[in-house]
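Working notes, structure below.
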Amino acid sequence: MTTMTETSARFREFKMPDVGEGLTEAEILKWFVQPGDTVTDGQVVCEVETAKAAVELPIPFDGVVHELRFPEGTTVDVGQVIIAIDVAPGSGDAPAPAAAAPVQESVAEPEAEAEPKGRTPVLVGYGVAESSTKRRPRKGAAAAPEAAAVAAAVQAELNGHGAPAAPTPAPATAVPVQGGRPLAKPPVRKLAKDLGIDLATVVPTGKDGIITREDVHAAAAPAAPEAPAVVASPVAPAPAVVEAPAVVSDSARETRIPVKGVRKAIAQAMVGSAFTAPHVTEFVTVDVTRTMKLVAELKEDKDMAGVRVNPLLVIAKALLVAIKRNPEVNAAWDEANQEIVQKHYVNLGIAAATPRGLIVPNIKDAHDKTLPQLAEALGELVTTARDGKTSPAAMAGGTVTITNVGVFGVDTGTPILNPGESAILAVGAIKLQPWVHKGKVKPRQVTTLALSFDHRLVDGELGSKVLADVAAILEQPKRLITWA
């Protein structure tokens, strides 16, 4: 989709692109530039988080940053303008960034605003679009000077430059309220929505009658005589600390975290998967002593130099061999067409825990990779996930997944299918346990595997064969050669 617009021969605007597969919004995590900074074509200007991953956005032209339309922490719809660039700096005095009127619209959501002649009315972040909602005439035009002053202060605060000198604040009874709506910044308004708080019922304590995050939290907490504790927010500058009695507020006893981005997508996907696909989970405990010996030998093999070798590598290869022997398990259920879609390739998903939640990037065409190539792909996948750089494309198109709960010391679990996939293998912790080996009880390296599958397209026999094949390979790794 087009991600930039040309407002004049000098200024160009960059819109929030669709960085995934049909995503509709993204949260601005961090700005890497500020107004006045010089940027070049391809330079990363911000990091955003979608429902699938964190992604860095490059600017597609050279120039000087004229305006940042949204502060960090704001969720922006795809297609909204997020940054304006002066592509011809020095050609004359540039107009001031669209501050007072547009920011007033974004923060306070006014009913209407008169636009200067010669400029197309633009709601901050939305751009000019045929589908834009037409604004109604403003009620109470006499409040315009005070509203402009409030907007200027808010814009300065959002841009991190400090609030400009403001006229003496009006009495509390004269706080500007646009169209009967209280003033609040976008992150605060979203917080109120997430907590189910009507801003009209919140008592503002911020400058010029602006509702703060603390005001919203106080409204959400049980009624208490003391003032709410002030909590610094990563989205907006922390307000001045308000003196409060020593009594601890009930709101300090709990923390509410808005569900958004990757975590929101995970929650929706897991609920959809759990209540759509009929899950069946089977378990097997297996002696993996020979596999652990193979891992130790591979670490010393010169052909594996430079790549990470661990038990997960052999387990992944074992699953790929099992799928080759039982290809019907590598399929998907097409509800719309009432068809089973057989996949003739394996995009092997690896569940990875990250600070933003669980993600499942996959190794494309894993079935075609040699053991060294698979090891290299696994290493790159894990490193990228830990750095928070996994792209949406890396998480799309998975067919079968492995989740390694053993790294947390867990014996096993009943994993939920990744949406659109037919099976997921959980690998438990590998522990030294007493085991009957060649007629005698000996200490052996043992683990438990769990395979969940979609019973609509994988019956018990097929699922059991796949799990048994994986276990057999891990018990006797030479089968990687004889069965491949």
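Separating the CD1 atom in Ile315 from the CD1 atom in Ile473 is a distance of 11.5 Å, to the nearest 0.5 Å. The line from CG of Asn347 to CE of Met395 is 14.0 Å long, rounded to the nearest 0.5 Å. Between the CD atom in Gln342 and the CG atom in Asn330 there is a gap of 6.5 Å [rounded to 0.5 Å]. Of the inter-residue distances, the one linking Arg444 atom CZ with Thr289 atom OG1 reads 3.5 Å to the nearest 0.5 angstrom. The CG atom of Asp365 sits 5.5 Å away from the CG atom of Asp368 when rounded to the nearest 0.5 Å. Residue Leu68 holds its CG atom at 11.0 Å from OG1 of Thr74, rounded to the nearest 0.5 Å.
No salt bridge links Arg479 with Asp469; every basic N to acidic carboxylate O contact stays at or beyond 4.0 Å. Salt bridge status for Glu335 with Arg456: present, with a side-chain N to carboxylate O gap under 4.0 Å.
Between Phe32 and Val39 there is no side-chain heavy-atom pair separated by less than 4.5 Å. Between Gln338 and Trp333 there is a side-chain heavy-atom pair separated by less than 4.5 Å. No side-chain heavy atom of Ile59 sits under 4.5 Å from any side-chain heavy atom of Val33. Taking 4.5 Å as the limit, every side-chain heavy atom of Leu378 sits out of range of all side-chain heavy atoms of Arg308. For the pair Ile85 and Val65, the minimum side-chain heavy-atom distance is below 4.5 Å. In this structure, Arg12 and His66 have side chains that are not in contact, with every pair of non-hydrogen atoms separated by 4.5 Å or more. For the pair Phe61 and Asp41, the minimum side-chain heavy-atom distance is 4.5 Å or more. Thr291 places none of its side-chain heavy atoms less than 4.5 Å from the side chain of Val286.
Using modelled atom types, no side-chain atom of Asp454 and backbone atom of Glu421 make a donor-acceptor pair closer than 3.5 Å. Counting only distance, with no hydrogens or angles, the side chain of His279 and the backbone of Leu417 share a donor-acceptor pair below 3.5 Å. Remark: side-chain polar atoms of Ser391 are paired, donor with acceptor, to backbone N or O of Ala394 under 3.5 angstrom. Distance alone, capped at 3.5 Å, places no donor-acceptor pair between the His437 side chain and the Lys440 backbone. Asp334 contributes a side-chain N or O that, together with a main-chain N or O of Asn337, makes up a donor-acceptor pair within less than 3.5 Å.
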For this session: Apply side chain to side chain contact (heavy atoms under 4.5 Å, CB included) to Phe283 and Thr281, showing your working.
Result: CA-CA 7 Å; Phe283 309 88; Thr281 305; 3.6 Å; yes

For this session: Begin with the C-alpha distance, continue with both residues' side-chain angles, and end with the deciding distance and a verdict on side chain to side chain contact (heavy atoms under 4.5 Å, CB included) for Val45 and Asp37.
Result: CA-CA 10 Å; Val45 294; Asp37 291 351; over 6 Å; no

For this session: Check the pair Glu56, Lys30 against side chain to side chain contact (heavy atoms under 4.5 Å, CB included), reporting the backbone distance first and the verdict last.
Result: CA-CA 9 Å; Glu56 293 180 339; Lys30 184 177 181 60; over 6 Å; no

Exercise. Would Leu371 and Leu298 satisfy side chain to side chain contact (heavy atoms under 4.5 Å, CB included), going step by step from the backbone distance to the final call?
Worked result: CA-CA 10 Å; Leu371 196 63; Leu298 289 174; 3.8 Å; yes

Exercise. Can Glu67 and Arg69 be said to form a salt bridge (Lys or Arg N to Asp or Glu O under 4.0 Å), step by step?
Worked result: CA-CA 6 Å; Glu67 179 187 11; Arg69 295 292 179 88; 2.8 Å; yes

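The minimum heavy-atom distance linking Ala352 with Ala385 is given by the pair CB-CB, 3.9 Å. Taking every heavy atom of both residues into account, Lys364 and Lys369 meet most closely at O-CE, 3.5 Å. A pairwise comparison of heavy atoms in Ala471 and Val284 identifies CB-CG1, 4.0 Å as the closest pair. Residues Thr447 and Gly428 come closest through the heavy atom pair OG1-O, 2.9 Å. Met16 and Val48 get closest at one heavy-atom pair: CE-CG1, 3.9 Å. Residues Ala472 and Trp483 come closest through the heavy atom pair CB-CH2, 3.8 Å.
A side-chain donor-acceptor contact under 3.5 Å links Asp215 and Thr212. If you check the side chains of Asp411 and Thr448, you find no donor sitting under 3.5 Å from an acceptor.
Each of Thr401, Thr403, Leu467, Val400 was checked for a side chain to side chain contact (heavy atoms under 4.5 Å, CB included) with Leu425, and the lone residue meeting it is Leu467.
The neighbour count for Lys465 NZ, taken as heavy atoms of other residues, nucleotides or ligands under 6.0 Å away, does not exceed 12.
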